[in-house]
Amino acid sequence: MNLEIQNKNALVCGSTQGIGKASAMALAAEGVNVTLVARNEEKLKAVLAELPNNNQCHSYLVADFSNPKALKEKLEASALQFHILVNNTGGPAGGPIFNAKLEEFESAFTQHLKCNHVLVQAVAPFMKTKCFGRIINIISTSVKQPLDGLGVSNTIRGAVASWSKTLANELGEFGITVNNVLPGATGTERLNEIIKNKSAKTGKTFDEVAAAMKKASPAQRFAKPEEIANAVVFLASEKASFINGINVPVDGGRTKSL
């Protein structure tokens, strides 16, 4: 299938590892010019060298999502012409919501919602001039079914989902779609951290916790980051032009709700 996104420009956040990196690689493979975004410049350079179609105009941007004001200033200093924005940030630390400190909510809200908003405000004007825009937020299946032991994440992910749906309603008339991809348990460093924490709290081994998590999915396994990236690429394409304002679980059927 020709996805009709060759030579489009994409800004991909959190793109030095996991789902963000897989999304950047998959978009580049479709002929998209990819700008990587993360806070570690050495890792950005390494991923940049790996991107397919290196004859494309790939680049990177060093940014720390703990400081939305600095992010906004950096974006304002750039000539932003992006057709595709992939919002992706590492999840908050796990733990019961009752034990969460106020600072944890504030930090997560800043990184996941404020910075997403700064990015959208920066790229949407160009998208409007082209009557084409794709804003894709990597969130979590917790927006449909809260996950045990991830209290802060559940709260903030839900806020991002509501923000996204509101944006979809406001930007749709300009040919801009706003959709959320909801990964289930995916083989990333983030998942390893969650398993290690559960192992420490329950006294079960890493493998026992991982096996129980796999069993919760009809697919009986973890997703590969590339499988999440495939959904991102399709939603970024011309073929997905009438898909707007939705949550797409990519979880092997784990989520119980419709």
Side-chain angles (χ1 to χ4, degrees), residues 1 3-5 8-14 19-20 22-24 26-27 30 32 37 65 68 80 82-89 91 108-147 150 153-184 186 223 227-258:
M1 180 185 293
L3 297 178
E4 301 178 45
I5 50 175
K8 298 288 189 189
N9 303 326
L11 188 66
V12 184
C13 302
I19 294 169
S23 298
L27 287 165
E30 292 295 329
V32 174
V37 185
F65 280 25
L80 295 174
F82 293 104
H83 308 85
I84 300 162
L85 169 64
V86 180
N87 281 317
N88 173 58
T89 307
F109 190 81
T110 293
Q111 292 183 40
H112 290 266
L113 200 146
K114 286 185 178 179
C115 286
N116 283 6
H117 194 63
V118 167
L119 286 159
V120 168
Q121 287 185 326
V123 302
F126 174 77
M127 292 178 176
K128 288 180 179 180
T129 67
K130 297 299 179 183
C131 297
F132 179 97
R134 300 288 183 265
I135 298 167
I136 303 155
N137 307 300
I138 311 298
I139 313 184
S140 167
T141 56
S142 66
V143 305
K144 285 181 167 287
Q145 180 179 311
L147 301 173
L150 293 174
S153 180
N154 292 342
T155 305
I156 300 304
R157 306 293 196 182
V160 173
S162 293
W163 165 84
S164 174
K165 180 64 174 178
T166 306
L167 270 180
N169 294 339
E170 294 180 1
L171 298 179
E173 66 179 290
F174 303 105
I176 301 171
T177 64
V178 187
N179 294 296
N180 302 322
V181 172
L182 314 181
T186 306
E227 291 175 305
I228 313 302
N230 289 338
V232 172
V233 172
F234 179 73
L235 289 173
S237 75
E238 189 69 61
K239 301 299 184 184
S241 58
F242 210 60
I243 300 174
N244 190 28
I246 66 167
N247 295 312
V248 183
V250 187
D251 66 350
R254 183 186 69 180
T255 302
K256 303 299 182 184
S257 63
L258 294 175

Do the side chains of [Y] and [X] get nearer than 4.5 Å, heavy atoms only?
X: Val181; Y: Ile136; value: yes
X: Arg134; Y: Ser241; value: yes
X: Ile135; Y: Asn116; value: no
X: Leu119; Y: Cys13; value: yes
X: Phe234; Y: Val248; value: no
X: Ser140; Y: Leu147; value: yes
X: Val143; Y: Val160; value: no

Can you tell me how far the [atom1] atom of [X] sits from the [atom2] atom of [Y], to the nearest 0.5 Å?
X: Ile228; Y: Thr186; atom1: CD1; atom2: OG1; value: 4.0 Å
X: Ile176; Y: His83; atom1: CD1; atom2: NE2; value: 11.0 Å
X: Trp163; Y: Leu113; atom1: CH2; atom2: CG; value: 6.5 Å
X: His112; Y: Asn88; atom1: NE2; atom2: CG; value: 9.0 Å
X: Ser23; Y: Asn230; atom1: OG; atom2: CG; value: 9.0 Å
X: Leu85; Y: Asn9; atom1: CG; atom2: CG; value: 12.5 Å

Test side chain to side chain donor-acceptor pair (under 3.5 Å) applied to Thr141 - qualifying residues, sequence neighbours left out: Arg254
Sidechain-backbone polar pair: [X] side chain, [Y] backbone, donor-acceptor under 3.5 Å:
X: Asn247; Y: Ala161; answer: no
X: Thr129; Y: Phe126; answer: yes
X: Gln145; Y: Lys256; answer: yes
X: Asn154; Y: Pro146; answer: no
X: Asp251; Y: Pro183; answer: no

Distance-minimising heavy-atom pair for [X] and [Y]:
X: Ile156; Y: Ala108; value: CG1-CB, 3.6 Å
X: Val233; Y: Ala26; value: CG2-CB, 3.4 Å
X: Ala10; Y: Val32; value: CB-CG1, 3.6 Å
X: Ile5; Y: Ser237; value: CG2-CA, 3.5 Å
X: Val178; Y: Ser164; value: CG1-OG, 3.2 Å
X: Arg157; Y: Gly91; value: NH2-CA, 3.4 Å

Lys144, NZ: over 12 other non-hydrogen atoms inside 6.0 angstrom: yes
Check against side chain to side chain contact (heavy atoms under 4.5 Å, CB included), Met127 and Leu171: CA-CA 10 Å; Met127 292 178 176; Leu171 298 179; over 6 Å; no
Single hit among Val232, Ile19, Asn137 for side-chain contact (heavy atoms from CB on, under 4.5 Å) with Val86: Val232
